[in-house]
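Fair warning: this is a prediction, and the values are worked out from it, not measured in the lab.
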Amino acid sequence: MELVRHNKFQRLFLPGFIFQSMVIGGGYGTGAEMAQYFGVSGVMGGLLTCIVVAIVWSVISMVTYEFARVFRTYDYHSLTDKLLGRGSILYEITYLAASLMVLGVVIATSGSMFNTMFHANKWIGSFILAALICLFIISGTKVVERVFAFWSYVLYAVYIVFFIIVFVKFGSNISANLGMMEVKHTWFSNGLIYSSYNLGIVAAVLYSTDDQQSRKEAYISGALTGVIAILPAVFLFLALSAFYPDFLTLDVPVNLLFEKLNMPWLYVLFEIVLFGTLIETGMGFIKAITDRVEVSYQKKSGEAPKWVRPTITIGFVVIGLLISKFGITAIILKGYGAMPYAYLITLIIPLFTIGIYKLVKHGPTPDQLPEGEKIKE
């Protein structure tokens with residue numbers, strides 16, 4: 001696995017940017033998940049759901065990053081092997097299955113977006129996304145991290161501009177709906193359910209934590225991960241709340257906003273950003289798999305063959321293209337329901353039992369790397 005030096009800002013923020021880029025995907029960006037998991041609890045209840053999600057993601061990230069720092073487990077297999085030994089194969093199966101489903105969803109989503117925007121064959125959009133995923137991963141870790149960081153800045157900028165425009169035009173609606181103080185009893189359980197769908201992602205961002213220098217950095221970075229990942233959801237949810245409860249019944253809630261705004265340029269900009277997040281989502285899942293295989297080779301022979309990364313990347317993208325033929329809805333209905341439970345059993349429970357026990361038993365560790373020292377594996 002290729003290791004990259006990071007400055008302090010990158011050590012604290014980059015894992016959060018990568019996590020946010022992987023989690024946002026199609027349902028998050030289109031507003032479908034905002035309606036299904038947040039809006040059903042009311043506007044104020046939806047904001048409380050956001051807080052629950054942020055806390056869960058932050059706590060899990062804090063423990064995961066610190067465990068990885070102490071035991072130097074910077075790929076998901078090394079992490080779960082340290083936790084479960086031979087039982088790590090259970091997480092491996094879960095992660096590989098989830099990766100293929102996610103790839104199928106993002107590729108299918110990109111095809112649908114391309115067809116809607118340009119009235120062209122959906123496979124053109126799917127192949128463009130697949131080609132860009134391959135290009136970025138094969139170019140190396142430094143390129144991947146730069147893409148994640150840059151696109152996170154772009155995404156935040158577009159979401160903020162989008163929210164400001166919506167607030168200027170429909171701010172009275174947002175204020176009125178917030179003023180209702182509607183909080184349905186589902187706000188807490190929905191927060192737990194939604195956050196659980198993305199529990200496994202935290203183990204896929206570990207390569208970006210490989211030079212965190214202290215427990216303090218691991219904890220701060222972990223806490224920031226939840227905040228960074230949920231803020232775009234807060235902006236989008238508040239914008240959608242201008243038309244609460246109408247957006248709850250729509251397949252693509254953000255389309256209602258664009259119809260009301262009547263700003264084609266903003267719609268195109270938003271779709272471009274969303275297309276970029278789909279690339280990042282697929283890229284993040286595959287990158288973790290290539291790292292896992294390369295680390296195994298490095299442990300055995302000291303160096304991974306050059307064919308490993310492109311072969312795995314192209315292979316998974318091709319399988320993702322084949323899975324995408326089944327359609328977004330079919331993939332989600334048949335596979336997504338089991339993922340939270342699988343992640344809970346194979347990663348989260350072991351991490352918060354065996355993992356915390358091992359951290360306590362291990363005791364405090366000194367800073368592992370002086371500032372600016374080159375990383376060596």
Other residues, nucleotides, ligands: >12 heavy atoms within 6.0 Å of Phe170 CZ: yes
* Any side-chain heavy atom of Ile289 within less than 4.5 Å of one from Tyr76? -> yes
**Prompt:** For Tyr37, does its backbone N or O pair with a side-chain atom of Asn190 as donor and acceptor, under 3.5 Å?
**Reply:** yes
CG of Leu47 to OG of Ser41, rounded to nearest 0.5 Å, is 10.5 Å
- Query: Do Lys287 and Tyr207 meet the cation-pi criteria used here (NZ or CZ under 6.0 Å from the six-membered ring centre, within 45° of the axis)?
  - Reply: yes
Below 4.5 Å, heavy atoms only, C-beta onward: do Ile345 and Leu90 meet side chain to side chain?
-> no
Output for pair (Arg292 CZ, Asp81 CG), nearest 0.5 Å, gives 8.5 Å
Closest non-hydrogen contact found for Gly16 with Ile228 is O-CG2, 3.6 Å
Item to check | Close side-chain approach of Ser88 and His77, heavy atoms under 4.5 Å | outcome: yes
Should Val295 and Ile89 be regarded as members of a common hydrophobic cluster, given that ILVMFWY residues are connected when their side-chain heavy atoms come within less than 4.5 Å of each other, either directly or indirectly? no
Could you check whether any side-chain heavy atom of Leu199 comes within less than 4.5 Å of a side-chain heavy atom of Leu347, counting everything from C-beta outward? no
#### Entry: Glu217/Arg69 salt bridge by N-O under 4.0 Å criterion
no
Fill in: Any donor-acceptor N/O pair, Asn115 side chain to Lys122 backbone, under 3.5 Å
no
Please state whether the rings of Phe71 and His362 are parallel, tilted or perpendicular, taking 30° and 60° as the class boundaries. perpendicular
When the ring planes of Tyr267 and Phe258 are compared, do they come out parallel, tilted or perpendicular, using 30° and 60° as the limits?
perpendicular
Heavy-atom nearest pair, His6 first then Ser208, reads CE1-O, 3.8 Å
Under a 4.5 Å cut-off applied to non-hydrogen side-chain atoms, are Met44 and Met180 in contact? no
key: Centroid separation Phe285 to Phe316 less than 6.0 Å   = no
field: Donor on one side chain, acceptor on other, Tyr65 and Thr225, under 3.5 Å
entry: yes
> Is there a chain of hydrophobic side chains (I, L, V, M, F, W, Y, each step under 4.5 Å between heavy atoms) that links Ile138 to Phe148?
Replying inline: no
(message) Using the rule given for ring-ring contact (aromatic ring centres under 6.0 Å, His included), can you reason through Phe9 versus Phe13, listing the C-alpha separation, both sets of side-chain angles and the distance that settles it, and then say yes or no?
(response) CA-CA 6 Å; Phe9 177 86; Phe13 285 86; 4.5 Å; yes
Query raised in the report: Are side-chain heavy atoms of Phe136 and Glu280 found at a separation under 4.5 Å?
Result: no
Taking the side chain from Thr209 and the backbone from Gln212, do they hold a donor-acceptor pair closer than 3.5 Å?
-> no
The side chain to side chain donor-acceptor pair (under 3.5 Å) partners of Tyr95 (sequence neighbours excluded) come to none
Could you tell me whether a side-chain N or O of Thr281 sits under 3.5 Å from a main-chain N or O of Met22, the two making a donor and an acceptor? yes
ask   = What do you reckon, are the aromatic ring centroids of Phe118 and Phe114 less than 6.0 Å apart?
value = yes
Under the 3.5 angstrom rule, does the side chain of Thr353 hit a backbone N or O of Ile349 as a donor-acceptor pair?
yes
Notebook entry, point to check: Just by modelled atom types, is the Val273 backbone N or O under 3.5 Å from a matching donor or acceptor in the Trp151 side chain?
Noted result: yes
Closest non-hydrogen atoms of Leu206 and Ala68, given as atom of the first, atom of the second and distance, are CD2-CB, 4.0 Å
- [ ] Begin with the C-alpha distance, continue with both residues' side-chain angles, and end with the deciding distance and a verdict on salt bridge (charged side-chain N to carboxylate O under 4.0 Å, His left out) for Lys184 and Glu182.
- [x] CA-CA 6 Å; Lys184 296 182 180 179; Glu182 183 180 7; 3.7 Å; yes
Between the CD1 atom in Ile174 and the NZ atom in Lys169, the distance rounded to the nearest 0.5 Å is 13.0 Å
| query | Cut-off 3.5 Å, side chains only: do Glu303 and Tyr297 have a donor facing an acceptor? | reply | no
> Got a donor-acceptor contact below 3.5 angstrom from the Gln10 side chain to the Asn7 backbone?
Replying inline: yes
Only residue of Val144, Leu103, Val102, Asp291 satisfying side chain to side chain contact (heavy atoms under 4.5 Å, CB included) with Ile286 is Leu103
Rounded to the nearest 0.5 Å, the CG atom of Asn173 sits from the CG atom of Asn177 at a distance of 6.5 Å
Between Gly282 and Ile133 the two heavy atoms that sit nearest each other are CA-CD1, 4.0 Å
Q.
With no hydrogens and no angle check, just 3.5 Å: does a side-chain donor-acceptor pair link Thr313 and Arg309?
A. no
Taking every heavy atom of Ala203 against every heavy atom of Tyr91, the minimum-distance pair comes out as CB-OH, 3.4 Å
Handout entry: Donor + acceptor pair across side chains of Lys299, Ser78 (<3.5 Å)
Key = yes
4.5 Å side-chain heavy-atom contact, Met113 and Leu278: yes
Margin query: Using modelled atom types and a 3.5 Å cut-off, is there a donor and acceptor pairing between side-chain atoms of Ser126 and backbone atoms of Trp123?
Written below: no
Under 4.5 Å between side-chain heavy atoms, counting indirect links through other Ile/Leu/Val/Met/Phe/Trp/Tyr residues: same cluster for Phe67 and Met62 or not? no
| Which of parallel (below 30°), tilted (30 to 60°) and perpendicular (above 60°) describes Tyr156 and Phe17? | perpendicular
Taking the side chain from Ser110 and the backbone from Ile107, do they hold a donor-acceptor pair closer than 3.5 Å?
yes
Looking only at heavy atoms, the pair that brings Glu66 and Ala218 closest together is OE1-CB, 3.5 Å
Do Leu351 and Leu84 sit in the same hydrophobic cluster, where Ile, Leu, Val, Met, Phe, Trp and Tyr count as joined when their side-chain heavy atoms come under 4.5 Å apart?
yes
Do Tyr74 and Leu79 touch side chain to side chain, with heavy atoms closer than 4.5 Å?
-> no
dist Thr290:OG1 -> Met283:CE (nearest 0.5 Å) comes out at 11.0 Å
Margin query: For Thr80 and Glu92, which I'm curious about, is there any donor-acceptor pair between the side chains at under 3.5 Å?
Written below: no
*asked:* Within the supplied structure, the quantity of interest is the number of heavy atoms (other residues, nucleotides, ligands) at a distance under 6.0 Å from Phe150 CZ; does it exceed 12?
replied: no
Would you say the rings of Phe235 and Phe162 are close, in the sense that their centroids are separated by under 6.0 Å?
no
Separation between CD1 (Ile137) and CD1 (Ile279), nearest 0.5 Å, reads 11.0 Å
>> For the backbone of Gly104 and the side chain of Ser324, can you confirm whether one donor and one acceptor N or O come within less than 3.5 Å of each other?
In response: no
